[in-house]
Protein chains: 2
Amino acid sequence: MGSVTLDDVAKLAGVSAKTVSRVANDERSVRPDTRERVLRAIEQLDYRPNLLARGLSGAHAYTIGLLYDNPNAYYIISMQQGALAACDDLHFGLQMRPCNSRSPALAEELRDFVHRSRLSGLVLTTPVSERTASLRRLATYDIPFVRILSAARDPLDGFPCVYVDDRDAAYAIVAHLLQLGHVRIGFLQGGKHHHASAERLRGYKDALRDYGVPLRKELMVEGDYVFDDGFRGARRLLDLAEPPTAIFGCNDEIAAGALAAAQSTGLSVPYDVSIAGFEDSPFSRHSWPPLTTARQRADVIVECATRMLIARISGDEVDNAGFTPELVVRGSTAPPRPKSRRRNRR
Amino acid sequence: MGSVTLDDVAKLAGVSAKTVSRVANDERSVRPDTRERVLRAIEQLDYRPNLLARGLSGAHAYTIGLLYDNPNAYYIISMQQGALAACDDLHFGLQMRPCNSRSPALAEELRDFVHRSRLSGLVLTTPVSERTASLRRLATYDIPFVRILSAARDPLDGFPCVYVDDRDAAYAIVAHLLQLGHVRIGFLQGGKHHHASAERLRGYKDALRDYGVPLRKELMVEGDYVFDDGFRGARRLLDLAEPPTAIFGCNDEIAAGALAAAQSTGLSVPYDVSIAGFEDSPFSRHSWPPLTTARQRADVIVECATRMLIARISGDEVDNAGFTPELVVRGSTAPPRPKSRRRNRR
DNA sequence: TTGAAAGCGCTAACAG
DNA sequence: CTGTTAGCGCTTTCAA
């Protein structure tokens, strides 16, 4: 292999391999001058520890696993960036994998994944993080994990987590629409098996209630987190006898579908209908008009979770953390057009 | 760890550890009944080989590295899917990492990455794959790799590769526009340090030449593979005294920017101006109107490259492979409006 | 503060 | 066809 080993360094520095190991791992119990000598030898030989050997002999491989079950590419990349930032900083490796969050043997699959590579722990993103029965089993396998979930506050269930307040952010979006003067606001739901969808729906309902606007069943359309469902759902809303003047899509992809639906019907956004999304994905910036949305920093959130996980693995106590996505107002939302001037379609 | 080891299985099956290893690795030299007995023991104990140990003792870790230096999330996810498909199928692990393709020490960084985890080899995507000096150095380190690059045909330079014919695909797009009757066709270039940009430009020029349309300097705008450059570039083109009737963006993100620019100017696509992209990313499907583009199956291409790499590592000879992205005509392109009826702007 | 010995779980190289 | 012996490069004992 031509790889430099601990022993090579030890020989050059005139110390034992164990001492080099101590220096490489930044342990304190090394005399400064010895450390200096070793560091010089490391530098000179351009020594790099072999991660496999370290992982094999140690209790774990200084590598964390990041699992996702999500079709959203931006979300995944964003998470990867956040996890890498933390891992690189703390000298941990990263293994990323998609998985099927609805598998009945989820806990066992995760355990095997961990054991095969001696992973130090797992960061679980939604919706994997929402399979509580599996998580409980995972905990019995003594696998450290931190989960990211959608909740208005700390669930206090004993498992560490980073919680994202989707309800509050959705509330802010709907409040923004209400303040603009909208009363008939359509809501395009996201995938049923995501807690986040329910939380965002809750935000929608709470906002309407607080502003004294009655909930209309016909303005809430079910669907998944995909463009086509946004398109179809918006189409349906716009075809109502009394169509909504604003539509809130459960994420940006859905909102992009709604935007396309409006434009394909000859409606102009935001003049004929306002549209808002959720997530601040490039979709929302790169459409025309750009979408009002809630900025969800998946990278920051995952970096936080990863740091928490590594801290736990290192034996530290850590507190749970919370984030709230921030309202971003852009060109796709405006006050409703006075009724008399509203354009006649068909 | 509670992990089951080779020895546990060996004891239960009444054979040596080496025999279990042979069965686990699917080596042929095991008598069927012995194999059967071992398999039963493996099943019974739910044995899973430890990848670190295997990697440490073997010549390599049965894991390939995938490197990218690309801001395009869809592209990355798509590649990851392709690589995972091949790796899962062939029982290899996958490590993905971004890297800086313009680092002068690129080869050394890649070497360290490989050595630290004893990677079996690397799949290099553009533009990393285009740093030929670094690749030559990488080869001297005896690191197997397969590169994916943009070229009209096999470069025959001795390094294995999968080549993608961007020129041909770009030619097809421009030919499509020409056949619709467009003569003034704008071209929004992509990042200069991507070969693909040059190849797509070549396709543009070749098509114009073959159709006897003179090249106009003022219709070719420089920029990077980002939305904003597409927006600005298109804006500039549309502001010309004699604006183009069609715009070809070097990728879908650029085209999305052009689309937004057109719409923000009050132009209607495709009636006032046709727009085409390249890549078939979700952008192109999720905009309104959806974009005519060239379908580039990054997943298929990377899966192919990954399989080639693993074959090479296994000692097989492999031939280079080539792909040509396929023209996808959608709503954003149409014949040019007769001059007399062209809408007056400003 | 340092070092020597043992071993992590597996495979390579050789025997039988 | 199967088993034995030695490591892979590191960390964990435990002793000096």
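Proteins come first, then strands; the chains are lettered A, B, ... in the order of their sequence lines, and each starts at number 1.
Counting to the nearest Å, the C1' atom of D/dC8 and the CG atom of A/D7 are 12 Å from each other. In this structure, A/H60 atom NE2 and C/dG9 atom C1' are separated by 18 Å, rounded to whole Å. Going from atom CZ of A/R118 over to atom P of D/dT11 covers 13 Å, rounded to whole Å. Rounded to a whole Å, the NE2 atom of B/H115 is 14 Å from the C1' atom of D/dG9. Per the geometry, CG belonging to A/N50 stands 8 Å off C1' belonging to D/dC8, to the nearest Å.
Take B/F92 and apply the ring pair (Phe, Tyr, Trp, His ring centres under 6.0 Å) test, not counting sequence neighbours, and it matches B/Y62. Here B/F323 pairs with nothing under the ring pair (Phe, Tyr, Trp, His ring centres under 6.0 Å) rule; sequence neighbours left out.
The side-chain hydrogen bond (donor to acceptor under 3.5 Å, both in side chains) analysis of residues 124-137 of chain A, with sequence neighbours excluded, yields the pairs A/E108-A/R137. A ring pair (Phe, Tyr, Trp, His ring centres under 6.0 Å) check over residues 296-320 of chain B, counting only residues at least two apart or in different chains, returns nothing. Residues in residues 64-88 of chain A take part in these salt bridge (Lys or Arg N to Asp or Glu O under 4.0 Å) pairs, two or more places apart or across chains: A/D88-B/R97. Applying the side-chain hydrogen bond (donor to acceptor under 3.5 Å, both in side chains) definition to pairs two or more places apart or across chains, those involving residues 310-322 of chain A are A/D154-A/N320. Residue pairs that meet the ring pair (Phe, Tyr, Trp, His ring centres under 6.0 Å) test with at least one member in residues 119-150 of chain B, sequence neighbours left out, are B/F145-B/F159.
Within the helix from C/dT1-D/dA16 to C/dG16-D/dC1, the inter-axis angle between the opening and closing five-pair segments is 30°, rounded to 10°.
Relative to the side chain of A/L6, the nucleotides C/dC10, D/dG9, D/dC10 differ in distance, and D/dC10 lies closest.
At distances below 3.5 Å, not a single donor-acceptor pair connects side-chain atoms of A/T63 with backbone N or O atoms of A/L94.
Contacts between residues 10-42 of chain A and DNA chain D, defined by a heavy-atom separation under 4.0 Å, are made by A/K18, A/S21, A/N25.
Phosphate proximity of C/dC10 to B/Y47: present, with a side-chain N or O under 4.0 Å from OP1 or OP2.
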